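Residue numbers start from 1 in every chain, and the chains themselves are labelled A, B, ... in the order their sequence lines are given, proteins ahead of strands. Quick caveat: nothing in here was measured; it's all calculated off a predicted structure.
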There are 2 protein chains.
Amino acid sequence: MTDTRTKLLDAAADALREHEAAQASARTIAGRAGVNQALIFYHFGTVSELIEAACHRAVDEAADHYREQFDRVTSLPGLLDVGRELHQRERSVGNVAMMAHLMSGAGNDPILASAARYAMSRWNAEIEPVVARVLRDSPLAEITDSAGLACAVSASFIGLELYEGVDPEGAANALDSLERLGVLVDVFDDLGPIARRALRSKLKAVRATEPRRA
Amino acid sequence: MTDTRTKLLDAAADALREHEAAQASARTIAGRAGVNQALIFYHFGTVSELIEAACHRAVDEAADHYREQFDRVTSLPGLLDVGRELHQRERSVGNVAMMAHLMSGAGNDPILASAARYAMSRWNAEIEPVVARVLRDSPLAEITDSAGLACAVSASFIGLELYEGVDPEGAANALDSLERLGVLVDVFDDLGPIARRALRSKLKAVRATEPRRA
DNA sequence: GTCTATAAGATGATAGAC
DNA sequence: GTCTATCATCTTATAGAC
């Protein structure tokens with residue numbers, strides 16, 4: 001099972017996970033895998049296709065790993081707990097960095113773009129039903145759609161990862177702030193009918209004065 | 001004023017603003033500027049230093065442009081309004097893409113990293129006092145610090161930009177969801193003492209069961 | 001300041017021996 | 001399947017004429 005193909009897939013994923021990304025060239029990846037550079041083209045055709053395959057495998061593994069944890073989530077605090085664990089694990093493993101570099105390079109390379117699209121859609125497919133289930137009984141269900149929220153969460157993860165590479169301390173502060181803001185949602189659910197009524201009337205006012213675009 | 005230096009700065013910024021980024025090489029930038037490739041090294045030393053200078057200029061211009069608008073903000077809805085305008089303008093101009101590519105390349109190149117650090121700190125310096133002023137009289141001031149929130153907002157902007165390059169529709173949905181979530185904060189301010197009390201007790205409970213890390 | 005020419009090296013990819 | 005050797009092209013950067 002540790003044949004050349006998987007060696008190359010591992011090496012490509014590692015290259016993207018670490019600082020490099022721009023240095024994810026055929027020669028460096030092959031060197032990392034301990035195999036000849038020409039084998040990349042024999043097995044995968046192009047470097048981009050190797051990277052695509054590596055990311056495909058990585059995101060599938062990660063999503064599968066969290067599936068049952070997601071299934072057990074029934075409350076928003078519970079979702080935040082899984083999210084925090086997921087963020088820390090994926091970050092330490094380097095998968096978030098991989099995604100960030102993938103999306104950043106998507107502008108130049110259509111193959112990388114399709115890989116990025118697959119990765120994001122895969123994560124959203126996991127997150128979206130959980131968000132929907134958790135918000136179903138909350139007054140928040142009336143102001144947000146779960147699909148949009150899932151996208152927002154994914155995008156923010158990516159942004160925080162990039163930000164962390166530039167200013168680790170600031171990124172940690174940002175994450176703390178977001179977590180504390182999550183308490184706000186929690187309080188809302190506990191407030192019950194009073195908040196629900198206030199929210200409804202407020203929403204009406206906002207929708208009247210500021211019609212949504214397009 | 002349209003000398004070679006500024007021509008090169010313009011061309012470098014444009015290269016980063018558009019799809020390319022990876023193709024922001026000395027030759028392509030010089031070609032875009034309509035000058036000889038060797039002049040980049042004469043005027044800036046290295047390609048990275050040219051890019052750094054271009055980003056420095058771009059973020060200074062943009063931040064100055066919004067300074068007085070930020071100063072006029074007194075409420076959270078007002079802040080969201082400016083944020084929405086800022087996001088759309090900076091996006092259409094391409095500055096957010098520039099930042100994203102800058103941060104993505106920061107891992108490889110220490111000069112790009114310092115440019116990214118400057119850009120983020122510059123924006124945070126503008127946003128942070130506004131957030132602090134707006135939240136001062138809100139019960140939310142007790143659960144979030146303005147510095148962390150400012151970082152979170154900046155990072156999320158970056159992430160959304162990258163996400164938009166991969167899935168434009170999803171990014172639009174995400175932005176809509178976040179905007180609608182902003183109404184939630186608005187409602188909180190209007191609820192007054194009831195919410196304030198509920199929030200305080202909830203915070204106590206959360207802090208007791210789940211001590212913050214490090 | 002601006003140009004040409006060029007060094008010195010990395011890149012993706014292929015041909016062909018084994 | 002794997003290797004060596006190689007192509008054509010791109011890269012940053014410099015030397016030196018003007």
Side-chain angles (χ1 to χ4, degrees), chain A residues 1-16 18-56 101-102 104-116, chain B residues 1-16 18-55 57 101-102 104-116:
Chain A
M1 252 301 160
T2 47
D3 61 337
T4 300
R5 268 187 76 93
T6 56
K7 269 191 226 165
L8 283 172
L9 286 170
D10 289 341
D14 288 347
L16 288 180
E18 288 171 26
H19 41 78
E20 306 142 36
Q23 289 178 334
S25 69
R27 280 172 166 82
T28 57
I29 293 175
R32 205 188 267 264
V35 302
N36 190 280
Q37 169 254 154
L39 291 175
I40 287 178
F41 306 96
Y42 173 79
H43 283 290
F44 296 94
T46 66
V47 176
S48 292
E49 283 167 300
L50 164 58
I51 292 176
E52 182 189 27
C55 292
H56 203 287
H101 287 130
L102 202 64
S104 158
N108 308 309
D109 189 332
I111 295 178
L112 291 188
S114 102
Chain B
M1 254 299 162
T2 46
D3 61 338
T4 300
R5 268 187 75 94
T6 56
K7 269 192 228 164
L8 283 171
L9 287 170
D10 290 340
D14 288 347
L16 288 181
E18 288 171 27
H19 41 80
E20 308 141 36
Q23 290 177 334
S25 70
R27 278 174 165 80
T28 57
I29 293 175
R32 206 188 266 265
V35 303
N36 190 281
Q37 168 254 157
L39 291 175
I40 287 178
F41 305 97
Y42 173 79
H43 284 290
F44 297 94
T46 66
V47 177
S48 292
E49 283 168 299
L50 163 60
I51 291 175
E52 182 189 27
C55 292
R57 194 192 56 164
H101 286 130
L102 202 64
S104 159
N108 308 309
D109 189 331
I111 296 179
L112 291 189
S114 102

What integer distance in Å separates B/Tyr42:OH from C/dT4:C1'? 17 Å
Could you state the CD1-P distance from A/Ile51 to C/dT11, rounded to the nearest angstrom? 12 Å
Validation row: A/Leu102, A/Ile51 side chains within 4.5 angstrom (heavy atoms): yes
Find the distance between CD1 (A/Ile29) and NZ (A/Lys7) and round it off to the nearest 0.5 Å. 15.5 Å
For B/Ile29 and D/dC10, what is the distance between atoms CD1 and P respectively, to the nearest whole Å? 16 Å
D/dG1 P sits how many Å from A/Lys7 NZ, rounded? 13 Å
Residue-phosphate contact under 4.0 Å: A/Ser25 side-chain N/O, C/dA10 OP1/OP2: no
Kindly express the pairing pattern of DNA chain C in dot-bracket notation, using | wherever a base pairs with another strand and counting only Watson-Crick or G-U pairs under 3.5 Å. ||||||||||||||||||
Just the rounded figure in Å: distance from P of D/dA13 to CD1 of B/Ile40. 10 Å
Between B/Ala24 and B/Leu16, which heavy-atom pair has the shortest distance, and what is it? CB-CD2, 4.2 Å
B/Leu50 atom CG is separated from D/dT11 atom P, nearest whole Å, by 14 Å
For A/Arg27, which residues count as a side-chain hydrogen bond (donor to acceptor under 3.5 Å, both in side chains) partner, sequence neighbours excluded? none
Nucleic acid footprint by protein, nucleotides 13-18 of chain C - heavy-atom cut-off 4.0 Å, B for base, S for sugar-phosphate alone: BB----
D/dT2 OP1/OP2 closer than 4.0 Å to side-chain N/O of A/Thr4: yes
The side-chain hydrogen bond (donor to acceptor under 3.5 Å, both in side chains) partners of B/Ser25 (sequence neighbours excluded) come to B/Thr28
Give the table of side-chain donor-acceptor pairs shorter than 3.5 Å for residues 37-46 of chain A, with sequence neighbours excluded, one pair per line with atom names and distance.
from: A/Thr46; atom 1: OG1; to: A/Glu49; atom 2: N; distance (Å): 3.1
from: A/Thr46; atom 1: OG1; to: A/Glu49; atom 2: OE1; distance (Å): 2.9

Sequence neighbours excluded, which residues qualify as side chain to side chain contact (heavy atoms under 4.5 Å, CB included) partners of A/Asp109? A/Ser48, A/Ile111, A/Leu112
Between C1' on C/dG12 and CD on A/Glu49, what's the gap in Å once rounded to a whole number? 13 Å
What is the distance from atom OG1 of A/Thr6 to atom CG of A/Leu9, rounded to the nearest 0.5 Å? 7.0 Å
In whole angstroms, how far is the P atom of C/dG1 from the CG atom of B/Asn36? 15 Å
On a heavy-atom basis, which atom in B/Arg32 and which in B/Asp14 lie closest, and how many Å separate them? NH1-CB, 3.7 Å
